[in-house]
Student: 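Please find one structure pasted underneath; my questions will follow.
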Protein chains: 2
Amino acid sequence: MPVNAPRAAILRNDAPPAPSRRRKEDVCEVQCVDELKVRRARGAMPAPESVTALAATLKALGDPTRLRLATALAATELCVCDLATLLGTSQSVVSHSLRTLRQLRIVRYRKEGRVAYYSLDDPHVAALLAIGLDHVEEERE
Amino acid sequence: MPVNAPRAAILRNDAPPAPSRRRKEDVCEVQCVDELKVRRARGAMPAPESVTALAATLKALGDPTRLRLATALAATELCVCDLATLLGTSQSVVSHSLRTLRQLRIVRYRKEGRVAYYSLDDPHVAALLAIGLDHVEEERE
DNA sequence: TCGATATATGAAGGGTCCTTCATATGAAGT
DNA sequence: ACTTCATATGAAGGACCCTTCATATATCGA
């Protein structure tokens with residue numbers, strides 16, 4: 001078994017009890033795992049669905065265009081046309097990007113005639129951006 | 001000029017004053033831009049370098065594997081071996097992922113003999129994850 | 001109703017990057 | 001010194017996705 005094989009089975013208890021005195025090269029096992037710490041960390045982790053959803057949200061905000069849209073909307077409500085002007089990009093890019101943000105509930109919009117006004121969906125997003133900016137702007141030694 | 005062309009030049013003042021009474025089909029211009037709002041939003045936005053750096057950070061955390069690593073490390077310090085076991089993935093994936101997080105100052109590590117213990121680099125990251133989780137776990141109507 | 005405007009969407013191409021496999025480095029034990 | 005173990009790293013391929021171009025939908029004005 002290659003060294004880099006997944007190590008999930010190690011902590012599962014559905015395997016028969018290990019025979020004693022087996023040789024190291026016969027089993028796929030690592031020696032340095034602190035099973036107690038691993039179990040505790042696993043217990044402290046959020047639900048897998050939450051992690052998946054958060055990953056999708058962060059990935060969406062991880063794109064420069066979409067992040068610029070979000071930071072712009074953190075200041076004020078703007079229409080697609082304003083956003084295209086502000087970013088210096090095409091209406092198509094803005095619209096596609098806003099759709100992604102919309103589907104992830106990061107932004108919301110209201111329509112007024114032909115004009116669609118976008119804004120951040122909820123205060124968490126603005127808070128997340130603020131903390132993220134604090135992080136990246138932090139002084140390093 | 002196509003409809004979806006970039007609209008950056010509109011707000012720049014380096015162009016000669018527009019001749020009066022020019023016909024609409026001769027110029028590349030949108031009508032619905034609220035220039036005042038755009039300027040205000042632009043002024044409120046963080047520095048471009050900050051946005052770029054934040055995008056890189058969020059993109060890194062937007063990968064499920066790396067996000068799971070980060071949430072695990074939010075609970076406690078763990079070594080590479082623990083993390084591979086916890087995630088049920090290979091040591092190679094964990095090591096590559098940790099390198100990305102390390103380069104972005106999201107995690108840090110200390111070496112003790114052969115073992116590398118990783119932890120979150122600073123409290124901002126944990127706060128960001130907590131707010132992000134609040135966001136995705138929020139009840140929707 | 002016809003044209004113009006604002007926005008949305010579909011398809012496609014090209015670049016990015018995540019995973020895998022293989023190997024390297026470096027420390028500890030014998 | 002040599003082996004073993006923990007971790008790091010390089011290369012490659014295949015999937016994913018961002019941008020662009022083209023077009024569709026819908027609203028307003030004449």
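None of these values were measured; they are calculated from a predicted model. By convention in this document, chain letters (A, B, ...) are assigned in the order of the sequence lines, proteins followed by strands, and residues within each chain are numbered from 1.
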Student: In whole angstrom, what separates R110(A)'s CZ from dT27(D)'s C1'?
Tutor: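 Distance, rounded to whole Å: 16 Å.
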Student: Counting side-chain heavy atoms from C-beta on, which of dT7(C), dA27(C), dA8(D) comes nearest to S95(B)?
Tutor: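 Out of dT7(C), dA27(C), dA8(D), the nucleotide with an atom closest to S95(B)'s side chain is dA8(D).
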Student: Are K37(A) and E35(A) ion-paired here, with the side-chain N under 4.0 Å from a carboxylate O?
Tutor: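 E35(A) and K37(A): not salt-bridged.
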Student: If we only count heavy atoms from C-beta on, is the T76(B) to R40(A) side-chain gap below 4.5 Å?
Tutor: no
Student: With DNA chain C as reference, determine whether S97(B) or H96(A) sits nearer its 5' end, using the nearest nucleotide of each.
Tutor: H96(A)
Student: Once you round it to whole Å, what is the distance between P of dT9(C) and CG of L101(A)?
Tutor: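 Atom-to-atom, L101(A) to dT9(C), this comes out as 14 Å.
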Student: Between K111(A) (NZ) and dA26(D) (P), how many Å, whole number?
Tutor: 8 Å
Student: Ring pair (Phe, Tyr, Trp, His ring centres under 6.0 Å): which pairs involve residues 102-137 of chain A, sequence neighbours left out?
Tutor: Y109(A)-Y118(A)
Student: Nearest whole angstrom, please: distance from the P of dA8(C) to the OH of Y109(A).
Tutor: 7 Å
Student: Consider only side-chain heavy atoms of I, L, V, M, F, W and Y, link residues closer than 4.5 Å, and tell whether L73(B) and V115(B) are in one cluster.
Tutor: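 Unlinked, L73(B) and V115(B) end up in two clusters.
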Student: Spell out yes or no: do the side chain of Q91(A) and the base of dA8(C) have one donor N/O and one acceptor N/O closer than 3.5 Å?
Tutor: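 Looking at the base of dA8(C), it does pair with a donor or acceptor on the side chain of Q91(A) (distance under 3.5 Å).
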Student: On the nucleotide dT9(C), are OP1 or OP2 found under 4.0 Å from the side-chain N or O atoms that R102(A) carries?
Tutor: yes
Student: Looking at the base of dT7(D), is there any donor atom on it, or on the side chain of S92(B), that sits under 3.5 Å from an acceptor on the other one?
Tutor: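 In this structure, the two groups form no donor-acceptor pair.
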Student: Round to the nearest Å and state the distance from R114(A) atom CZ to dT27(D) atom P.
Tutor: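 Interatomic distance, CZ of R114(A) to P of dT27(D): 11 Å.
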Student: Base, sugar-phosphate, or nothing: which does Y117(B) touch, judged by heavy atoms less than 4.0 Å apart?
Tutor: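 Nothing: the residue Y117(B), judged by heavy atoms under 4.0 Å, touches no strand.
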Student: Assess whether a salt bridge exists between E138(B) and R105(A), defined as any Lys/Arg side-chain N lying under 4.0 Å from an Asp/Glu carboxylate O.
Tutor: no
Student: Of the listed nucleotides (dT7(D), dC5(D), dT27(D)), which one gets closest to any side-chain atom of C32(A)?
Tutor: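 Comparing dT7(D), dC5(D), dT27(D) against the side chain of C32(A), the answer is dT7(D).
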Student: Counting heavy atoms from C-beta on, name the nucleotide in dT5(C), dA8(D), dA22(C) closest to the side chain of V80(B).
Tutor: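 Of all the options, the side chain of V80(B) is nearest to dA8(D).
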Student: Where along residues 59-73 of chain A does a heavy atom fall under 4.0 Å from DNA chain C?
Tutor: none
Student: Quick one: are R66(B) and L98(B) in side-chain contact, heavy atoms under 4.5 Å?
Tutor: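 A side-chain contact is absent here, since even the closest heavy-atom pair is not under 4.5 Å.
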Student: The side chain of R99(A) lies closest to which of these nucleotides: dA8(D), dA6(C), dG10(C)?
Tutor: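 Nearest nucleotide to the side chain: dG10(C).
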Student: L98(A) has an atom CG; how far is it from atom C1' of dT9(C), in whole Å?
Tutor: 13 Å
Student: Taking the side chain as everything from C-beta on, heavy atoms only, tell me whether S119(B) gets closer than 4.5 Å to R108(B).
Tutor: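 When only atoms from C-beta onward are counted, R108(B) and S119(B) do touch, with a gap below 4.5 Å.
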Student: Round to a whole Å and report the spacing from CG of L87(B) to P of dT20(C).
Tutor: 13 Å
Student: Just the rounded figure in Å: distance from P of dT7(C) to CG of L83(A).
Tutor: 9 Å
